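Below is one structure, written out as structure tokens, with a few remarks after it.
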Amino acid sequence: MNNFKTIYLREIKSYFNTPMAYIFLVVFALVNSYFFTLWFFPSNQSDMRSLFSIVPLAYLFFIPAISMSLIAREINSGTIELVSTLPIKDVEFVVGKYLSSVTLIAIGLGLTLVHFFTLVNVGSNIDYGAVFCGYLGLLLVGSVYCAIGVFASSISDNQVVAFIVSVFVVLAFFLMDKMLIFMPQGLVGIMEYISIDYHLSNISRGVIDTRNIIYFGSLIGFFIFLSLRTFDLRRWS
Amino acid sequence: MIEVKNLSKNYGDVAAVKSINFSVKDREIIGFLGPNGAGKSTTIKVITGFLAPSAGDVIVNGMDIKTNQIEIQKEIGYLPELNPLYTDMLVYDMLEYVAGVRGIHGRAFKDAFARVIDQCGLSGVVHKRIDQCSKGYKQRIGLACAMIHDPKILILDEPVTGLDPNQIVEIRSLIKELGKKKLVLMSSHILQEIEATVDRIVIINNGEIVADGSNRSILRKFSGASSIEMELLGVDKEEVKKIEEKIDSVKVSSVRKSGSSTMVSLSCKGKSDPREDIFKYAVKSKWVVLGMSQKKSNLETIFRKLTSEAK
């Protein structure tokens with residue numbers, strides 16, 4: 001347990017010791033603010049749907065960018081040998097790194113709370129439950145994408161390769177829901193269940209269903225498991 | 001104690017280590033010697049748990065690396081060959097990170113930190129970023145990371161690479177000092193380094209152990225015939241060659257003129273020392289001997305012989 005914390009804190013420090021975290025947070029906040037204000041005022045509705053629809057789009061590139069270096073850089077610089085020969089379990093290493101990227105996403109989402117306060121000031125009849133669920137959904141989607149990013153980062157020592165693989169997989173999950181019309185009828189139900197958007201929209205409506213939570217949890221677990229397997233395979237190569 | 005039994009490691013179809021066996025006792029300094037690509041680092045990487053063995057066993061203090069990897073890693077301090085460090089960290093933070101992973105915090109960390117800073121001579125760079133340190137300092141930071149938990153076993157892969165001669169002497173004496181209390185396994189392709197530091201040498205070539213023993217025992221076992229170099233004045237080549245008929249144990253390898261001198265190289269059969277016979281023969285033949293020296297096999301010649309024979 002202690003090693004989770006040590007790895008996690010090192011990664012957080014590493015993010016904030018370089019301009020990476022600051023650039024991510026500022027650009028992420030600016031992009032979201034721009035599109036939020038673009039749609040929020042003309043729509044004249046007391047909700048945050050405009051924010052909740054732009055953040056998953058922003059995730060498509062921001063999350064692969066912050067996660068691409070997590071393991072790939074360690075492999076490339078050779079520090080993987082240092083880490084692998086310290087008494088650290090693979091799961092502590094991978095999950096510690098994963099949680100650091102989720103934390104950065106959570107901080108990014110935290111910055112968008114300024115729009116929530118705008119809503120509180122100018123809006124009326126606000127559905128606080130929907131806002132809470134919307135944020136929860138965004139955090140869960142971000143967590144899934146971070147797990148995909150960690151997996152992509154574990155398969156290569158090249159951060160660019162990790163970024164491309166990560167964007168590709170994230171995009172596949174993101175677009176699945178939009179591609180249903182091209183799917184054979186028999187597959188529509190399955191593809192809809194696999195798609196991220198389907199579960200996100202369920203949560204965003206203000207309903208926290210255990211099926212949706214299990215879905216996100218399963219995806220996170222699946223990609224973390226793949227990362228661990230990839231990590232272990234390196235030892236046997 | 002480290003026991004390596006029938007250890008093999010393959011990279012795809014390439015066998016990097018071929019069923020090697022050796023063991024190292026506590027308080028012993030053992031040197032892994034071999035040319036580049038011989039399998040030294042691969043063996044070390046398996047012992048430290050970075051790579052899994054393809055076959056065979058590695059037992060450290062009675063524990064098998066396959067089932068007790070974490071426990072073994074707690075007892076080992078390891079300096080990898082390329083000395084990977086988080087270069088964006090301060091030296092202090094790096095040591096704190098490694099100590100943290102090893103469960104050393106608070107007061108215990110302060111004590112351990114003071115010890116390794118003193119042992120590795122890092123007091124001048126504690127608050128520097130690692131990427132701003134020289135190669136020699138980086139090597140010492142890597143060594144400090146390996147020693148922060150005062151391990152029972154210290155494994156150093158090419159520990160003096162990049163150090164200047166003064167630093168090499170310092171690190172060498174540090175390793176010798178550590179070897180009084182710990183098991184130290186170090187690898188190097190620098191013969192002088194191994195010769196000067198270790199109690200026992202394991203020479204590895206093409207993934208196989210070709211020699212294992214103390215410096216002296218390897219010399220005794222593998223030293224072949226010695227040679228004798230002579231400088232004579234005013235003796236012609238034909239006259240020199242007659243020595244073979246008079247002294248059975250020598251053979252003339254080469255004779256060449258160098259100014260007024262004749263440089264003669266004689267190879268000796270077996271492990272005999274024919275200098276007395278040669279001297280008496282020279283006196284009898286009225287040769288003017290300007291110089292005579294015997295060249296015995298040293299670790300370098302044995303190393304060259306052992307690592308080129310198998311190719």
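So that the names make sense, note that chain A is the first sequence line, chain B the second, and so on, each numbered from 1. Treat the numbers as computed from the prediction; the structure is a model and nothing was measured.
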Heavy-atom contact with chain B under 4.5 Å, split by part of A:Ile80: both

If you compare all heavy atoms of A:Ser84 against all heavy atoms of B:Gln69, which two are closest, and at what distance to 0.1 Å? O-NE2, 4.1 Å

Considering only heavy atoms, which portion of B:His149 lies under 4.5 Å from any heavy atom of chain A: side chain, backbone, both, or neither? neither

Chain A heavy atoms under 4.5 Å from B:Asn83: which part of the residue, side chain, backbone, both or neither? neither

Closest non-hydrogen atoms of B:Gln73 and A:Leu86, given as atom of the first, atom of the second and distance, are OE1-O, 3.1 Å

For the NZ atom on B:Lys66, are there more than 12 heavy atoms of other groups (residues, nucleotides or ligands in this structure) within a distance under 6.0 Å? yes

Look at atom CZ of A:Phe225 and say whether more than 12 heavy atoms of other residues, nucleotides or ligands are closer to it than 6.0 Å. no

Rounded to the nearest 0.5 Å, what separates atom OH in B:Tyr86 from atom CG in A:Asn17? 13.5 Å

Rounded to the nearest 0.5 Å, the CG atom of B:Asp88 sits from the OG1 atom of A:Thr18 at a distance of 7.5 Å

Is A:Lys13 close to B:Met89 at the side-chain level, that is, under 4.5 Å between some pair of heavy atoms? no

Non-hydrogen atoms of chain A under 4.5 Å away: do they reach the side chain of B:Leu51, the backbone, both or neither? both

Note, A:Glu81 side chain near B:Lys45 side chain (heavy atom, < 4.5 Å): yes

Atom group of B:Ile72 that falls short of 4.5 Å from chain A, counting heavy atoms: neither

In short, A:Thr85 meets B:Arg102 closest at the heavy-atom pair O-NH2, 4.1 Å

A:Ser77 portion near chain B, given a 4.5 angstrom heavy-atom threshold: backbone

Taking all heavy atoms of B:Pro84 and all of A:Leu82, pick out the closest pair and write down the distance. O-CD2, 3.8 Å

Which atoms of A:Arg73 are under 4.5 Å from chain B, going by heavy atoms: the side chain, the backbone, both sets, or neither? neither

